[in-house]
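Note that the structure is predicted; figures quoted are calculated from it, not measured. Chain A is the first sequence line, chain B the second, and so forth, proteins listed ahead of strands; every chain is numbered from 1.
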Amino acid sequence: MQGIGGAIVETEAYTRDDPASHSFRGPTARNAAMFGPSGHAYVYRSYGIHWCFNVVCEAGSAVLVRAIEPLLGIETMARRRDGTNVRLLCAGPGRLCQALGIDRDCDGMPIDGTPMAIAAGRPKAPVVASPRIGITKAVDRKWRFCLAGSAYLSRPA
DNA sequence: GGTAAGATTGTCT
DNA sequence: GACAATCTTACCG
């Protein structure tokens, strides 16, 4: 199969009763996908410039995919991101979406088949929890999970 | 109908 | 290390 992708190395969790979550105040036009079927994508625009990719778990809960380790289609990613260092291709929500070509068209799209899919696997290194990044509420919740020692994190653990 | 805030990134000093 | 870029949604009047 020809495509682009890699191993997820950094995620963050957001739930319905989490003040930092978009779903905290209930369903709206923007976060509709977050209340949709599990296993679907929730894509939203951040700071008017970047896209952020989430995977819906259950109604109102989702996992933000912050970074992946590029494995497939690295050339395509590098071209989209204008020849950036491979290590930075997907190190961050905005970068990841740009490299994978994710935009609002992917909002609400199922990711258990074509064109997107996520497979379960065993982490190659310990997964460590730490405070989430870039938020102003519920900062003390350690709901950021990243692969220890990975060189592809948006920020070191 | 107007204003403020936001789960970010790239660039300049 | 600090700040600007850029736009959609949410909240208030």
Side-chain angles (χ1 to χ4, degrees), chain A residues 4-71 73-111 116 118 123 127-148 150-157:
Chain A
I4 52 181
I8 298 176
V9 296
E10 182 179 353
T11 63
E12 281 182 8
Y14 291 90
T15 63
R16 172 127 196 219
D17 59 358
D18 173 15
S21 173
H22 288 170
S23 59
F24 182 61
R25 299 168 197 262
T28 64
R30 174 170 67 176
N31 62 26
M34 227 171 149
F35 289 87
S38 61
H40 284 223
Y42 166 46
V43 179
Y44 72 95
R45 202 200 288 285
S46 173
Y47 288 81
I49 314 172
H50 308 286
W51 295 103
C52 292
F53 173 67
N54 299 249
V55 179
V56 178
C57 296
E58 57 184 42
S61 298
V63 172
L64 168 69
V65 180
R66 292 186 55 87
I68 68 174
E69 175 184 343
L71 295 176
I74 294 179
E75 286 189 22
T76 303
M77 296 186 198
R79 190 178 315 170
R80 282 190 181 136
R81 292 194 39 76
D82 203 19
T84 318
N85 185 343
V86 174
R87 190 169 154 181
L88 298 178
L89 283 181
C90 301
R95 294 181 181 135
L96 183 146
C97 287
Q98 186 182 2
L100 297 186
I102 295 174
D103 58 19
R104 67 179 184 181
D105 290 341
C106 300
D107 190 37
M109 182 179 290
I111 54 178
M116 294 195 292
I118 289 183
V127 175
V128 295
S130 59
R132 290 174 292 183
I133 295 176
I135 58 174
T136 59
K137 299 162 191 165
V139 182
D140 53 324
R141 297 193 186 186
K142 295 186 173 57
W143 284 356
R144 175 184 179 229
F145 304 98
C146 43
L147 201 62
S150 173
Y152 301 93
L153 302 174
S154 62
R155 289 191 61 129

Pairing stems for DNA chain B [at least three consecutive pairs; Watson-Crick or G-U; under 3.5 angstrom]: B:1-6 with C:7-12, B:8-12 with C:1-5

For A:Arg132 and A:Ala13, the nearest pair of non-hydrogen atoms, with its separation, is NH1-O, 2.8 Å

Roughly, in whole Å, what's the span from OH in A:Tyr47 to P in B:dG10? 15 Å

Think A:Arg45 has a side-chain N or O under 4.0 angstrom from the OP1 or OP2 of B:dA7? no

A:Met34 CE to C:dT9 P: how many Å, rounded? 16 Å

Find the distance A:Asp82:CG to B:dG10:C1' and express it as a whole number of Å. 13 Å

Rounded to the Å, how far apart are A:His22 NE2 and B:dA7 C1'? 6 Å

Rounded to whole Å, the CZ-P distance (A:Phe24 to C:dC11) equals 11 Å

Ignoring hydrogens, what is the shortest heavy-atom contact between A:Gly5 and A:Ile68? Give both atom names and the distance. C-CD1, 4.2 Å

Nearest atoms (heavy-atom pairs only) where A:Ser23 meets A:Asn31: CA-ND2, 3.8 Å

Look at A:Thr136 and B:dG6 and indicate whether a side-chain polar atom (N or O) is within less than 4.0 Å of OP1 or OP2. yes

Among B:dG10, B:dT8, C:dT9, the one nearest A:Thr28 by side-chain distance: C:dT9

At what distance, to the nearest 0.5 angstrom, does CD1 of A:Ile4 lie from SG of A:Cys90? 8.0 Å

Name the one of A:Leu64, A:Val43, A:Leu100 that satisfies side-chain contact (heavy atoms from CB on, under 4.5 Å) with A:Phe53? A:Val43

Rounded to the Å, how far apart are A:Asn31 CG and C:dC11 P? 10 Å

Taking atom OH of A:Tyr152 and atom CD of A:Glu10, what is their separation to the nearest 0.5 Å? 14.0 Å

Contact under 4.0 Å: A:Arg66 side-chain N or O vs B:dT8 OP1/OP2: yes

Between C1' of B:dT11 and CZ of A:Arg95, the distance in whole Å: 12 Å

Where do A:Ala99 and A:Arg81 come nearest, in terms of heavy atoms and distance? CB-CD, 4.0 Å

Using a heavy-atom cut-off of 4.0 Å across all strands, would you classify A:Asn54 as base, sugar-phosphate, or nothing? base

Under 5.5 Å and under 30°: A:Tyr44 stacked on B:dA7: no

Please tell me which of the listed nucleotides, B:dA7, C:dC11, B:dT9, lies nearest to the side chain of A:Tyr14? B:dA7

Tell me: CZ of A:Phe53 to C1' of B:dA7, nearest whole Å? 14 Å

Nearest-nucleotide 5' precedence on DNA chain B, A:Lys137 against A:Pro93: A:Lys137

Give A:Ile135 one of three labels, base, sugar-phosphate or nothing, depending on what nucleic acid heavy atoms sit under 4.0 Å from its own. sugar-phosphate

